[in-house]
Amino acid sequence: MYPSFPDTFWSFRHSLKFIHKKAAFPPLGLLTIGAMLPQEWSKRLVDLNVTRLTDEDLAWADTAFISAMVVQRKSARQTIARCKEAGLKVVAGGPLFTSEYEQFDEVDHFVLNEAELTLPGFLEDFNRGCAERIYTTTEFADIHKTPIPMWQLINMKRYATMSIQFSRGCPFNCDFCNVTALFGHRPRIKTSAQIIAELDSLYQGGWRGQVFFVDDNFIGNKKYLMTDLLPSLIEWHKGKKGFLFNTEASINLADNEDLMNMMVDAGFDTVFVGIETPDEDSLAECNKKQNKGRNLIESVKSIQRTGLQVQGGFIVGFDSDGPSIFQRQIDFIQNSGIVTAMVGLLQAPPGTKLYERLKKEGRLSGLLSGDNVDGTTNIIPKMDMHQLMKGYEKILHSIYRPRPYYKRIKTFLREYKPPKISIKLDFQRFLAFFRTSIRIGIFGRERIQYWNLMVWTLCRCPKLLPLAVTLAIHGHHFRKVCKL
Ligand code: B12
C-alpha cells in the first residue's frame, strides 16, 4: 500500500488533470519489494494516489506491506488503522518508518533501511511464524542484486512518469542533507546490463514517455557513466521512440561538456540541481563545496545550452543569511531561467550534521512536516522568524506570479538548445494543449501571458511549443500550491 500525498509542490496534482493522469510517479520502493517477495505469493498494489482502497482489497489480503515518506504520514496512519480494523498483519518499510518507527504502535513488523539487506531475514522468520518486530541494519546494500521492479503490479497509464534507479549515495557532504547518512558517501551503482534490462521491461510493458532516474546524484560515478552506462543508453535508444530521461545531479555537471553531451545523446532532457543560495558565506556554512567559488548562473546556462533543462532547489534561513538574501534569491532565479525553482526554509533532518549542531545549540523545535517547501521548519533561525517568513513569501510571490514566471520561461527558452531526441506530438499531447488553451488560455488569469508565450515560441522555435505548454501547466500548479 502506498498512502496518498498531500497537495505539495512535487505532487504536481494541479498539473495532472491537464494530461489525464492520476499521479506523477509510481511507488518504486513497493514495486521493488514486490519483486523480492516470494513468487508464489499473490500480490496487489494499492497506490492511494491513483485508486481507492476497497473493502474487497482488504478482505482479499492477509498481510499489508506499506511504504511511505514522512510527507505521507497522515494518510499512512489512516491506512494502517484501516488494515488493522480489517484484521490484517501490517509490515512497514521505507523512509517514513526508517526515520520514525517509534510513532507507529499498530504496525506488526518494521523492515527498515534497504530491503535488500533486511527483507530476507524477515521473510525467513515470517515463514517460520516467528517474525520479530524490527529488522534493521547499519550496512549499505549491494544494489547489483536488486531485482527489476514488478511493473505488472501497476497500471502505467495512470502515471505521468516511470522511475528507475541507477545509483544510491552521494560523494558530497552538504550539512543539511541526510542522503549520505541514509545511503552512504560512496555512490553504489547498478550495472548497465541491469539498467538496460529495467528499460526493456518498461518498453515491453508498453511504456512510452518520461523516465525519471531517481538517483541522489546521477553523476556520482562519472567514469562508469561515460565509459559504460551512457554509451549503453545511447545504443538502447536507437530504433526506439518516445523515451526521455530526467534525473538529479550536482552543479559540477557543468564542468564536463563531454558528459553533458553524452547525457543529451542518451535522451536526458532535464536535470534537478541543488543550487541552494547565491551567497558564498551560506554555501561555506553548509559545506556545499561544489557550488562555491563559481559563477553559478553561468554554470546553469551552460547546462541549458547543452540541451538540459535545469530545475533548482533553493534554501533561505542559513545563519549567514542577511535581510538582502530574499531579493538576491529572486534576482538569481529570474536571471538563471530556472523555471521550476523549489524554494524552502532551511530544515534539519535527523541524522544530518546540521541537526547535531543545532541540537547542541538548543535551536531545534518540533517535528519535520516532511515537505521541505511548505514554509515550515524545525529549526530556530538566527534571523527573526517573522522577517524570515515574510521574506520567504516575498520570494514565492516574486517568482510564481504570472508575469515573472512567464518572463522566466522566455529567459530559459532563449538559452535552451532543443535536444535531438524529443517526444512526438501525438493525439494525447494535442488534447493536453487543447485543454490548457481552454483552462489557462481562456479562463486563467494568466491568459495574456499564456498566449503571448505561445505566439513568441511559435515564431522563435516551434519545436519548443510542447515544452512551453508544459511549463505553463506547471506554473498553474505552483500558483495553486503556493496559494498565490
Ligand atoms: C525519487 C524521489 C522523489 C520523487 C518521487 C517520489 C515518489 N513518489 O516515488 C519526488 C521528486 C517527487 C520526491 C519528492 C520529495 N521527496 Co523524495 N526522494 C526521491 C529519492 C531520490 C528516490 C526514491 C526512490 O524511488 N528510491 C528507489 C526505491 C527503490 O527506494 P525506496 O523507496 O527507498 O525503497 C527501498 C527501501 O526504502 C525499502 N522499502 C521501501 N518501502 C518499503 C516497504 C516495505 C514494506 C519494505 C519491507 C521495504 C520498503 O526497500 C526498497 C529497496 O531497498 C529519495 C532518496 C533515495 N535515494 O531513496 C528521496 C526521498 C525519498 N525524498 C525525500 C523527501 C524529503 C522528499 C520531499 C518531501 C522533498 C522535497 N524535495 O520537497 C518531496 C515530497 C514528495 C511529495 N510529493 O510531496 C526523503 C524522504 C525522507 C523521509 N524520511 O521521508 C528522501 C529519502 C530523500 C532524503 N534526502 O531524505 N522524491
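Order of appearance sets the numbers: ligands from 1, and atoms from 1 within every ligand. The chain is numbered in sequence order, starting from 1.
Neither side chain, Thr8 nor Asp371, offers a donor N or O lying under 3.5 Å from an acceptor on the other.
Listed by first and then second residue, the ring-ring contact (aromatic ring centres under 6.0 Å, His included) pairs that reach into residues 161-201 are Phe166-Phe218, sequence neighbours excluded. The ring-ring contact (aromatic ring centres under 6.0 Å, His included) contacts involving residues 70-114 comprise Phe97-Phe104, Tyr101-Phe110, His109-Phe122, where partners must be two or more places apart or lie in separate chains. Sorted by first and then second residue, the side-chain hydrogen bond (donor to acceptor under 3.5 Å, both in side chains) pairs with a member in residues 214-225 read Ser167-Asp215, Ser192-Tyr224, Asn217-Ser250; sequence neighbours excluded.
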Show the distances, to 0.1 Å, for all pairs joining an N/O atom of ligand 1 and a protein N/O atom that are shorter than 3.5 Å, listing one pair per line.
| from | atom 1 | to | atom 2 | distance (Å) |
| --- | --- | --- | --- | --- |
| ligand 1 | 8 (N) | Tyr2 | OH | 3.4 |
| ligand 1 | 41 (N) | Ser67 | OG | 2.7 |
| ligand 1 | 53 (O) | Ala115 | N | 3.0 |
| ligand 1 | 53 (O) | Glu116 | OE1 | 2.6 |
| ligand 1 | 57 (N) | Asp216 | OD1 | 2.8 |
| ligand 1 | 57 (N) | Asp216 | OD2 | 3.3 |
| ligand 1 | 71 (N) | Trp10 | NE1 | 3.4 |
| ligand 1 | 71 (N) | Asn372 | OD1 | 3.3 |
| ligand 1 | 72 (O) | Trp10 | NE1 | 3.3 |
| ligand 1 | 72 (O) | Asn372 | OD1 | 2.7 |
| ligand 1 | 77 (N) | Thr8 | OG1 | 3.3 |
| ligand 1 | 78 (O) | Thr8 | OG1 | 2.6 |
| ligand 1 | 83 (N) | Pro95 | O | 3.3 |
| ligand 1 | 83 (N) | Ser99 | OG | 3.3 |
| ligand 1 | 84 (O) | Val70 | N | 2.7 |
| ligand 1 | 89 (N) | Asn178 | OD1 | 2.7 |
| ligand 1 | 90 (O) | Asn178 | OD1 | 2.7 |
| ligand 1 | 90 (O) | Asn178 | ND2 | 3.1 |

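Salt bridge status for Arg168 with Glu116: present, with a side-chain N to carboxylate O gap under 4.0 Å.
Side-chain rings of Tyr405 and His474 stay apart, their centers remaining 6.0 Å or farther from each other.
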